[in-house]
Each structure stands twice: as structure tokens, then as C-alpha cells.
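Shown next, in C-alpha cells, is the structure this report addresses.
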Amino acid sequence: MSDLDDEISTSTTLLRRVAANPKDDAAWDSFVDRYGRMVFRWCRRWNLQDADAEDVTQGVLLQLARQMRGFQYDPDGRFRAWLRTIAYRAWVRFLETRKRPGGGTGDSAVWQLLESAPARDEFVRRIEEEADRELLERAAVRVRARVMPHTWEAFRLLAVEGLAGKEVAERLGMAVGAAIVARSKVARMIREELAKMNSPTGGAE
Amino acid sequence: MPCPSADAIAQAAVDPDAAPPEVLEHIAVCARCRQLLDRVESPVNWNWLNDTEPKHEPKTRFLDRLKAAVRYTVGEPTERDEVGPKVPGHTVEAEIARGGMGVVYRAKDTALGRVVAIKALRQEFAANTAQLARFVGEAKALAALQHPNVVQLFHVGESGGQPYIVMEYVPGGTLRHAMKGDPWEPAVAARFIRTLADATAAVHKIGVIHRDLKPGNVLMASDDQLTPDGKSTTRPKIADFGLARFLNAVDHQTRTGDVFGTPEFMAPEQARGDHRKVGPETDVWALGVILYELLTGRVPFTGETAHDTLELVKDGTPASPELLRPGVRRELAAICMKCLEKPPQRRYRAAADLRDDLDQFLAGRTVSALPRSWAGRVAAAVRRNPLTAIGWLLIVVALLGTLGWGAWERHAASVALAEAAAQYEQMSQRHEHTTRELYATRIDLVTRALAAGNTTGAKSLLTACLPVAGDPDQRGWEWYYLSNRLLGPARIDLRLSDADRHGFDDVKLHPNTETLSADGRRRVVIDATGQLVLYDQDRRVLLHLPAAPGRAVGVKFSKDGRWLAARTAEDAVVVYDGGVPP
């Protein structure tokens, strides 16, 4: 709000932070840490070698940053639509710059694959998924701070690790029903937190 | 057992710990009831919370290079930045700040040739014309007010549906930047807050409350005059009077249930969302928080999350500044703590009263926050040492009771005794809280002293953490670790492949993002930047441990509680030595 220092808020995702304030260097760093890693891993899964993966990651991330700055997020609008547009435009722009003379070559077979529509769509989807994942992680951190450790453990072992109720109950020394109920409670709190962060100006969509 | 009622299941979902065992047993075996329990669930990919070992991680060096490149890219000017709001009679020169409320530009008043600042509010703030009109009304009053320590407002207008505020241009940073986290000389801090209180009083006089006073809203103008020894001086100027209510009112229509503002500087009535109680005392509270931070180097209320901070604002009792920092006089501490009274009516009722009391203090006279009357002294004694004072009261009441004046007096005495006992209980809880707060502050100061190479200071602070007779021992792993660090390096760097040999295979096999100490009172969590943060049982931050090289991806206390091992993204294991198991 009326704050020249722009305090960091835990309730806001990175994408929203950098969209609201492109001068927030710390937010951009965290943005690189999260989305840079994600793009890099994605490239490696497309069988790009380390050096090529680094090239693509850098090119795409710089384009994402440019798009985010040039195409301002309207807090009244839909966050997801904005994000999709940003990701799409960044990818297309990135491919365009590669085509220019001196834009780099790399393995042509891989490049043909990258230039295909499915690759583009998958890239956009991955970005969206990462944004969802970040939101979920943030919601989880906030909920975790509010519940008892054993309640959280019951949730984690059952919902995240996928262990059987009986095993979880034994490990935590609680009744099976209590563990199941604890899982449900934490899941509900996380959903509520997500809903709160998802409200018109609170987060994604 | 037949299926419990839907209510009973809902009850269990809200508070599992209080659910009757037979209900829990039933839920474990009955698919129908489990379904009921999960009815609201939509598919969420919980698997995302699983930090499985990612393959193909980029190199840290590459990420660092990329960060620099991104920073550079976003720092380049774009066409969008060159367009500012179109304000008649002004040319926009440059963007100077950007925040949640909009963008601030430096501009020139073409007729007067004077440099001004134009704050262009986000489009959505134009939506509510009633609120805008009210703000314009307040802005007119503010524009008529001239005070050396209030950022001068010139006028409020609208350009293409976007509201803007034209105001005095103040070069220099904010108080937040000027503070740099170090405490100020108490007398300098007192004079500074006196100045802010005087400015606030002048604005309160015309009926405008700030509602969001904080270091980020205090601009530090460099004065034209130089001091006799040739140094340039700065003059604080408070910005954004009246803006908070306007932004808040508009924002409430677009957000749902968010508490608006900066938790650390919000008054309890704001934290509770009780906007009718907001008044001059709300600004007095904020001035008290700023004074507290200037005196001690830390804000009085701060928790792990904004939610925790707000809980502390509502119910927490901070340690008096005189305890945290020797050299702060009792009178000044009392003034600060009077600003931080929870009920508004127990604070200074007006910013002018705070200013006057600070004047009294600066002149070395008795302050109203710490009267030298009999009652005041008793009150101060209770504040300073609640346990002893109330203990005495209990003895007096008990004596009166046993001396025996007759049944009625005895009855009255026993009622008083019960009340005193209840108060005693409450006070000892508060005492416990204050003791932990004090301990946390000392640990914080130890790390700062160590960072500054001041081992003597660190040593004496660690000694000060030793338990006083009758009080529980507050020390945890961090105390032993810091003591150990005083003696030499308390950190061991291992390669992941060597971790097993040293008995840290745990951290390799189970990269947990948090771990509990052996005594269960400390929690270490990996934060967003990959640093380790150590929290106490009230979720107060005690210690930061950088895990370099690379970010920490897993952390684990050893079974005996002595070692804290962190695994980094670069597959190194960093082990911190707590010396003796606590």
C-alpha cells in the first residue's frame, strides 16, 4: 500500500510480487531460483545438454522478465489469463530471437522439436503448473505454522507420502481415525488458504 | 457403532484432538463417514509438497549469472515507464518509486518551475467516487496545512480515470533506510519522535488520522542548512497522511477479509479490524513502535508470519526497552510503553501529549508516564517486578485474613486473596513471556556482536542468558552453538559421500525441510532463500545459519541433539556443532 519500501508479503506469490513491483530485486532473484530451475529441468528432460539447457533457460527467462514488465498485470483481470499470455509471448519471442543470425544453433533435431506447437503448449502449461505449485507451497507453509506438529505429520504422511492409515497411526502413536481426521483438517485449511490467496487480488486467478 | 451424526464428524474435522475416541475409531473403518469428512475436497496435487530429489539441477553459478542478467533486463527503461500521468501544468521527468499503491514520479510544475512529486494511484482507486470525494475533502484540509515535518500536499486530481496526488518532492531515503537496524542514541531517538509527534499533532488538529505511520512513510529530507561543524542535517517529513483510509476503503471492496497495513506497526484495534476504535491513539501507538525500534534496534512485535505478528500485537507484551538496552532511562522506556498500551484510552490520548511528555523527559523533568507519586511508584514497581510486588500483596492480604476481624472481613479478605491469586497467575505468565523475549533479544545481539568481531560483548551477553534463580533455563541449542563459536570454528563441511562415515547418513537419506531439537523446544526450518532459521517454542526467530555453499535442501538434528546437519543443493553437508548436548 502506501509504502515506498514495499515490504515483502508472505501472502503474495513471486509472480505477483514482480508484476506489482518490477524494482523488487529480491523477488526477481527468487523468481530465477524457482522458475529458472524449473525451465532448466524441463530443458534437460527434452534431452538438451547442460550448455544448451543453460542457453535456453537464460533466453526464456529474460523474455519472461521482459514480457512481465512490458505487459502489466491488471489486478482486476484474471491472473491465469495474464500468466498464460506472458508465458506464450515469452516463448514465441525467444524462438524468434534464436532465428536471428548469431542467435545460436545447437542440435537441429532438438531445435525442430522445440519449435513445434506441442513444445510451446507444454512450456506454457509447465509455467502455470509451477505457479500453482508455488501457491500450494506458500499455503502449506502458512497452515503448517498454525497446526500442531503431529497434525501436520499425519497430513504429510497420509496425503503427501501416501502411506497407509495404519502405518501412519503407528508411527505417530495416534488412533487411525485421528490421523485421518487430522489429514482432512489440514487439507481443508490449505484449501481455505488457497482460496484466500486466489481471491481477486490475492494470488493466481 | 452406528455412524455418528454429521455434526459429530464436522466437529472432529475442526478439532481432531478433542474428538471422542469412538468417533475416531469409527471413521477409521467406515468408508461412508470418511467420504463425509472429505466431501468438500477438490483434487489438489498434494504430491507437489513432496520434496523429492530433483534431477538435473542447474549450477548455482549459472543461476547467479542469470539473476544478474534478469536484474539488468528489468532495470532497462521501457516505453511504458516514459509515459507518466498527464497532469495539467506539469511535465513528468522520471519514475522515482513504485509500490503497491501505484507509481511515484518526479515532475516539474511548469508555471512555477518547482520540482514536485506526483503519486499516480492504481486505476482501481478511482472506482469509488464517494471515497475519492472524501479523500479530496481531507486533501484540501491537508493542502492548507503547512508544517516543516509533514510532506506538503498540493492537490489531488484525476487524469484519464487515474487519481493522482501532487505533493512536495523530498529527495533522500526513508527512515527505514536511515535506521539500518542499529539502535540510536536514546536522546536522539527521543528528540526525533518528539518531532514526529509534533507533526502528527498538527495534522490531528485538522481531523486527519494517518493510520499507517511507519518508517517507510517517514521521508528523510536533507536540510539546506549545515550544522556548525559543517555536516548536513536531515529533517524527517511524514508522508501519506489520510491516504491509508482511502486506500483501505477501496481495497476492502476488492479483497476479501485481508487485514490491511503493515502488521508490525498496526495498533491492536487495527489488528482486530475494529475500525471504529481507530483514532489519534492509533497514530500514538505507531509512534511508540517507531520509538521502540529506534531505542532497541528491533520492533516490539514480530512473528514468523504476518498472522503471528498480529496475534502478538493483540496479546503479546514486549520487554521494556530499558531491559533490552542499558542506557535507556526508565522515564523514556515508560513513555514508549505508554504508547504501546493495548486499550487506546490508556495511551496518550493525543500526539501533543506524547510530544509534551518527551519535552519533559528531554528537560530532565518528571514525565506523566512515570509519575513520582506513591501510587505511581507502586505501579512502576509492579511493572518492573510483578512477581515480587504481587507476592507482597498476597502476604499482606493473607495476614489481614488471619489476624481475624470477624467473619465479614475474613470473607472480604478471601475474595481479595482469590483475585490477587488470579492476577499472580496472569502476571507470572506474562513474566514467562517477557523472559523468553529478553532471551531471544540477547541471542540476536550475540550474533550481531560476533559478526562485528566483538567477542567480549558476545561473551558477556551469553553470560547474561544464564538462568536467574527461580526462573526456568531458557537456553537451547543456539546458546551452546554460539558459546562454541566463541572458542573457534563450530562448523564442519563434508562431502555428501563422506556423510555416512561421520554418522550423518540421516540427512542424506531423508532431506527434511525442518527438524526438531532433542528437547523439542527448537525448530530449524529452511527458508525461501535456502538459509536455516532456528525458531523457539513461540515461533520467534532466534538464529539464522547460512548454509553456503549453495542453498540448504535438507536439515536434521543428531539424535543426541549436539549436531545440526544441513545438506545443500550442491551435495555438500554442513554440520554445525552445538558443543555439549543441551
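Protein chains get the first letters and strands the later ones, always in sequence-line order, with residue 1 at the start of each. The analysis underlying the following values was restricted to heavy atoms, covering all of them including side chains, and did not include hydrogens, waters or symmetry mates. Because the structure is a prediction, the values reported are computed rather than measured.
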Practice prompt. With a 4.5 Å cut-off on heavy-atom pairs, point out which of G36(A), A175(A), A178(A), A179(A) contacts chain B the most.
Written response: A178(A)

Worksheet item: Of the listed residues (E25(B), R523(B), R65(B), E514(B)), which shares the most heavy-atom pairs with chain A below a 4.5 Å separation?
Response: E514(B)

Worksheet item: Is there a donor in the side chain of Q537(B) and an acceptor in the side chain of R522(B), or the other way round, less than 3.5 Å apart?
Response: yes

Worksheet entry | When A154(A), A145(A), A140(A) are compared by non-hydrogen pairs under 4.5 Å with chain B, the top option | A145(A)

Worksheet entry | R89(A) side, atom CZ; Q63(A) side, atom CD - distance, nearest 0.5 Å | 10.5 Å

Practice prompt. Give a yes or no on this: more than 12 heavy atoms of other residues, nucleotides or ligands lie within 6.0 Å of atom CD of E167(A).
Written response: yes

Worksheet entry | Non-hydrogen side-chain atoms of W91(A) and V124(A) separated by less than 4.5 Å | no

Worksheet item: Can you say whether L64(A) sits under 4.5 Å from chain B via the side chain, the backbone, both, or neither, judging by heavy atoms?
Response: neither

Worksheet entry | Lys/Arg-Asp/Glu bridge criterion (N-O < 4.0 Å) met for E311(B), R146(A) | no

Fill in: Which atoms of M148(A) approach chain B - backbone, side chain, both or neither, heavy atom under 4.5 Å
side chain

